[in-house]
Amino acid sequence: RLVQNHDDAVGEIKLRVAGDKGHVTLAVLPSIAVEWLPEVLVKYSLVHPETRIKMIDTQWDRCLKALLDGQADLALTAGQPSLSTFNSTLLFSDKFYLLCHRNHPLARMETVDLADIGQHPFIGFCPGTSIRQHTDRLCDGGEGFNYQMEVRQLTTMMGLIAANYGVSITTGLTLFQFRHKDIAIIPFRDLALERAVYLVTVKGRHQPDCAQAFTDFIYQQAQHFSPSIQ
């Protein structure tokens, strides 16, 4: 950790001498990077055009590994990691929604419960993905779902739902991907069906000025954001 902090400080000095105020690397879950984050990046680039932002979009465990390995300065994850290793700040809660074809029987309902999904063919995200971890916890390890298929990519999920291959569950931050004429998006009645989104850094590690400025900016933007179906 001392060597990493030393290298970070030396790198920061070199960038300042070269006239570059620094670069920041952000590790983020793909399901968080779909809609809200791009707008944040655009706003930040207008205020701090001298700072270069690099993004690592990957799974939850790999986001944390990137932080520990020094490949990323901060991360946006769903769920709070170990408090002994990481600092984490709650940004907002991301609600879950049901996805189904517009001609599916569930599409006629204004709101749904997990029990309504029942034995309808279910398309799940692959194990290890953030959304899968949460849906498994929602329904006893996923045993309550009639799994038809598992996918990793949001675009694949969109195509299958649009073809009426099954139903699925996703979060508010991914709804941008499912705006399709044949897909119905329905909220759950249970308001507890949410996942918490955190801003995470490594405990005790020095943050360069540019990384700290970016961290503060993300936190400020999150205070005015609420994922919704609109």
Side-chain angles (χ1 to χ4, degrees), residues 1-83 85-95 130 154-155 171-177 179 195-228 230:
R1 182 175 295 175
L2 288 173
V3 172
Q4 181 65 52
N5 289 343
H6 172 270
D7 291 344
D8 290 344
V10 171
E12 186 77 6
I13 292 172
K14 288 181 178 179
L15 288 171
R16 288 182 179 274
V17 170
D20 189 338
K21 292 189 177 180
H23 63 277
V24 180
T25 301
L26 170 67
V28 59
L29 297 175
S31 59
I32 295 177
V34 176
E35 183 173 10
W36 171 68
L37 184 59
E39 296 178 2
V40 174
L41 294 176
V42 169
K43 292 178 181 178
Y44 192 78
S45 67
L46 294 175
V47 180
H48 298 278
E50 72 285 353
T51 301
R52 292 174 294 168
I53 306 296
K54 176 183 177 182
M55 185 189 301
I56 302 173
D57 53 335
T58 187
Q59 293 178 220
W60 187 82
D61 56 340
R62 295 179 182 177
C63 285
L64 300 182
K65 187 176 186 301
L67 282 178
L68 291 175
D69 292 346
Q71 297 175 351
D73 299 294
L74 62 151
L76 293 177
T77 69
Q80 190 172 33
S82 171
L83 294 176
T85 306
F86 300 98
N87 294 317
S88 55
T89 303
L90 177 64
L91 296 181
F92 48 75
S93 292
D94 192 13
K95 292 181 174 61
S130 172
L154 295 169
T155 50
T171 64
L173 283 175
T174 69
L175 291 181
F176 173 83
Q177 192 69 53
R179 309 295 185 191
R195 67 171 184 172
V197 175
Y198 288 88
L199 190 156
V200 182
T201 58
V202 176
K203 184 166 289 187
R205 178 176 295 173
H206 168 73
Q207 284 276 64
D209 291 345
C210 56
Q212 186 60 55
F214 185 53
T215 299
D216 294 341
F217 188 83
I218 289 179
Y219 179 76
Q220 293 169 3
Q221 293 298 310
Q223 305 312 297
H224 307 289
F225 175 74
S226 177
S228 66
Q230 281 78 29

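Positions are given from 1, in the same order as the sequence printed here.
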* Give the intermediate values and the outcome of side-chain contact (heavy atoms from CB on, under 4.5 Å) for residues His48 and Glu50. => CA-CA 5 Å; His48 298 278; Glu50 72 285 353; 3.4 Å; yes
* Look only at the side chain of Asp94 and the backbone of Arg195, and say whether a donor-acceptor pair between them is shorter than 3.5 Å. => no
* Would you find a donor on one side and an acceptor on the other, under 3.5 Å apart, between the side chain of Asp73 and the backbone of Thr25? -> yes
* To do: Compare all side-chain heavy atoms of Thr85 with those of Leu64 and state whether any distance is below 4.5 angstrom.
  => no
* Close side-chain approach of Leu74 and Val200, heavy atoms under 4.5 Å -> no
Which distance, rounded to the nearest 0.5 Å, do you find between the [atom1] of [X] and the [atom2] of [Y]?
X      : Y      : atom1 : atom2 : result
Tyr198 : Leu76  : OH    : CG    : 13.0 Å
Leu173 : Lys95  : CG    : NZ    : 11.0 Å
Leu175 : Thr171 : CG    : OG1   : 7.0 Å

By side-chain hydrogen bond (donor to acceptor under 3.5 Å, both in side chains), which residues pair with [X], not counting sequence neighbours?
X      : value
Asp216 : Gln212
Thr215 : none
Thr155 : none
Thr174 : Thr170

According to side chain to side chain contact (heavy atoms under 4.5 Å, CB included), who are the partners of [X], at least two apart in sequence or on a separate chain?
X     : result
Glu39 : none
Thr58 : Ile56, Arg62, Cys63
Ile53 : Val24, Leu41, Tyr44, Thr51, Phe214
Lys43 : Phe217, Gln221

* Not counting sequence neighbours, which residues clear salt bridge (charged side-chain N to carboxylate O under 4.0 Å, His left out) with Lys65? List them please. => Asp69
Would you name the heavy atoms of [X] and [Y] that are closest together and state the gap between them?
X      : Y      : value
Pro81  : Phe86  : CB-CD1, 3.7 Å
Arg205 : Gly70  : NH1-CA, 3.6 Å
Ala78  : Ile32  : N-CD1, 4.1 Å
Gln59  : Leu29  : C-CD2, 3.7 Å
Leu199 : Tyr219 : CD1-N, 4.4 Å

* To do: Output all residues satisfying ring pair (Phe, Tyr, Trp, His ring centres under 6.0 Å) with Trp60, sequence neighbours left out; order by chain, then residue number.
  => none
* Starting from the C-alpha separation in whole Å, work towards a yes-or-no answer on side-chain contact (heavy atoms from CB on, under 4.5 Å) for Leu154 and Phe176. => CA-CA 10 Å; Leu154 295 169; Phe176 173 83; over 6 Å; no
